[in-house]
Undergrad: 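I'd like to ask some things about the structure below.
Sequence positions, counted from 1, serve as the residue numbers for this chain. Read the numbers this way: they start at 1 and go in the same order the structure lists the ligands and their atoms. What you see is a predicted model; the values in this text were computed from it and never measured.
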Amino acid sequence: MEGKNTYIVRCGEVALKGMNKPYFERMLAERIKKVLKKYEGCEVKRSDGLLLVYAPEKLPREQVMGEISRVFGVDSISPAVEVESDMEEIGKAAVSYMQQLIEERGIKTFKVEAKRSDKSFPVESPQIARRIGAAVLVGCKVLKVDVHKPDCLLFVHVRRECTYIYEQKVSGFGGLPLGTNGKGLVLLSGGIDSPVAAWMMAKRGMYIEAVHYHSYPYTSERAWEKVQDLARILAGYCGRIRIHSVNLLPIQEQIVANCPEEETTILVRRFMMKIAERIARETGCLMLITGENVGQVASQTAEALVVTDAAVQMPVMRPLIALDKVDIMQKAQEIGTFETSIQPYEDCCTVFLPKHPKTKPKLDKILQSESALDCEALIEAALASKEVVTVYPED
Ligand code: ATP
Ligand code: MG
């Protein structure tokens with residue numbers, strides 16, 4: 001296509017969706033269109049099981065591929081050259097493709113792999129590879145064939161309407177296109193875990209909305225900015241995120257004044273869940289999402305999780321439940337939230353932290369302690385003072 005670069009996008013699991021495949025493919029194409037909308041002149045086309053993106057030549061390839069690789073549902077992307085399905089034309093295009101790589105990267109060795117989707121094409125795959133390899137050797141005198149560890153592995157994919165020549169693949173994250181699995185409300189702290197949990201659910205096709213609890217003035221404005229920074233990074237994957245910001249301080253003060261000290265944390269956590277459930281219902285979220293992880297801290301022992309879970313009726317997704325902390329940290333690094341998460345700002349959970357939190361709370365005992373409080377009024381008041389901020393992906 002004149003003045004445009006071509007990219008082949010492969011979808012991972014989307015391809016397994018049987019009868020619903022066209023729907024998932026359409027959703028994926030829509031998502032890619034959406035992230036490329038800010039650049040003029042991009043096109044997304046579905047053609048016989050392939051997803052093709054055309055972007056203006058002046059847009060750096062890395063930038064285009066970076067954008068596409070963050071779309072959930074994308075397995076890999078290759079910048080490609082499109083030529084007529086004719087051996088002579090393919091040979092010429094392969095030579096100029098390799099000449100460019102010699103200039104750019106100083107490659108010395110190569111190998112050609114061919115695939116023929118169009119079985120009526122008169123040359124079979126092994127012969128295509130051999131003949132294009134020979135054409136490259138003639139056209140690029142500095143190159144040698146290395147079948148084991150080539151500097152460039154060149155793919156030639158012959159199809160009926162045209163042939164694609166391409167080299168490296170850039171991996172995406174896989175998963176499913178956003179919007180194919182409703183919306184979830186993440187309880188977003190400033191920590192390492194909850195952004196990763198939200199990301200994992202978004203990767204399964206879920207739109208994300210967030211609630212954050214603070215204890216202003218015990219927690220700072222800077223801590224709140226950090227949460228917005230985290231949401232902004234997440235928005236780079238799942239589009240704009242609405243954050244409901246709720247001051248938990250009045251509730252914490254009531255708990256401290258009226259309930260046993262060692263139960264403070266678990267009682268606060270139950271309030272967090274209950275308030276989140278209300279917000280989720282109001283905003284069309286089907287589930288709650290937390291970064292909880294069994295055994296990580298006192299409030300996440302199996303017993304504590306049972307008591308926390310009993311606070312709400314809505315399903316609570318805990319995608320990190322069985323991961324080790326090192327794996328969560330690695331994931332945070334991979335998705336780009338880690339450096340922000342480790343900035344040292346106080347969280348509302350660290351305000352009024354009991355000296356010896358109860359690690360094996362019993363639900364009946366906790367319910368009894370809760371009965372000393374006017375839960376409904378406290379929740380209503382917290383919701384009445386909530387603020388909503390929308391964060392957008394960074395350009
Ligand atoms: P994280 O790294 O996500 O902060 P954590 O190990 O510090 O996790 P906790 O502080 O016990 O764990 O919190 C468990 C989960 O509760 C968090 O992953 C998050 O989903 C939710 N949560 C904790 N604090 C807040 C908060 N201030 N606002 C909203 N949700 C919170
Ligand atoms: Mg936390």
Undergrad: Short list, please: which atoms of ligand 1 are under 4.0 Å from a heavy atom of Ser299?
TA: 11 (O)

Undergrad: Looking at ligand 1, does any of its N/O atoms fall within less than 3.5 Å of an N/O of Lys325?
TA: no

Undergrad: Can a donor-acceptor pair be found, under 3.5 Å and without considering hydrogens, that links the side chain of Thr301 to the backbone of Lys360?
TA: no

Undergrad: Gly190 versus ligand 1: do any nitrogen or oxygen atoms come within less than 3.5 Å of each other?
TA: no

Undergrad: Looking at Thr290, which atoms of ligand 1 are within less than 4.0 Å of one of its heavy atoms?
TA: 20 (O)

Undergrad: Please list every donor-acceptor pair under 3.5 Å in which a side-chain atom of residues 191-200 meets a protein atom from a residue at least two apart or in another chain.
TA:
unit_1 : atom_1 : unit_2 : atom_2 : d
Asp193 : OD1    : Lys325 : NZ     : 2.9
Asp193 : OD2    : Gln296 : NE2    : 3.2
Asp193 : OD2    : Lys325 : NZ     : 3.2
Ser194 : OG     : Ser189 : N      : 3.0
Ser194 : OG     : Ser189 : OG     : 3.1

Undergrad: Who passes side-chain contact (heavy atoms from CB on, under 4.5 Å) against Ala210, sequence neighbours left out?
TA: Val186, Leu188, Ile241, Ile243

Undergrad: Of all the atoms in ligand 1, which lie at a distance below 4.0 Å from a heavy atom belonging to Gly291?
TA: 17 (C), 18 (O), 20 (O)

Undergrad: Pairs of nitrogen or oxygen atoms closer than 3.5 Å, one from Val297 and one from ligand 1: do any exist?
TA: no

Undergrad: Do Leu367 and Arg270 touch side chain to side chain, with heavy atoms closer than 4.5 Å?
TA: yes

Undergrad: Heavy-atom count around Tyr216 OH within 6.0 Å, excluding the residue itself: above 12?
TA: no

Undergrad: Of the choices Met329, His214, Gln296, Gln300, which has the non-hydrogen atom that lies closest to atom 9 (P) of ligand 1?
TA: Gln300

Undergrad: Taking the basic N atoms (NZ, or NE/NH1/NH2) and the acidic carboxylate oxygens, is any pair closer than 4.0 Å for Lys362 and Glu303?
TA: no

Undergrad: Check each heavy atom of Val186 against ligand 1 and say whether those closer than 4.0 Å belong to the side chain, the backbone, both or neither.
TA: neither

Undergrad: Judging by distance only, is a nitrogen or oxygen of Val211 under 3.5 angstrom from one on ligand 1?
TA: no

Undergrad: Consider every N or O of Asp193 and every N or O of ligand 1, then say whether any pair is closer than 3.5 Å.
TA: yes

Undergrad: For ligand 1, note which part of Asn293 has a heavy atom under 4.0 Å away: side chain, backbone, both or neither.
TA: neither

Undergrad: Is it true that a side-chain atom of Ser78 and a backbone atom of Ile8 form a donor plus acceptor pair closer than 3.5 Å?
TA: no

Undergrad: Could you tell me whether the side chain of Thr180 and the main chain of Leu176 form a donor-acceptor pair under 3.5 Å?
TA: no

Undergrad: Give the minimum heavy-atom separation between Ser245 and Trp224, together with the two atoms involved.
TA: CB-CH2, 3.7 Å

Undergrad: Can you sort out which atoms of ligand 1 are near His212, meaning under 4.0 Å from one of its heavy atoms?
TA: 27 (N), 28 (N), 29 (C)

Undergrad: As a check for students: among Arg269, Arg318, Glu292, Met273, identify the option with a heavy atom nearest to atom 16 (O) of ligand 1.
TA: Arg269

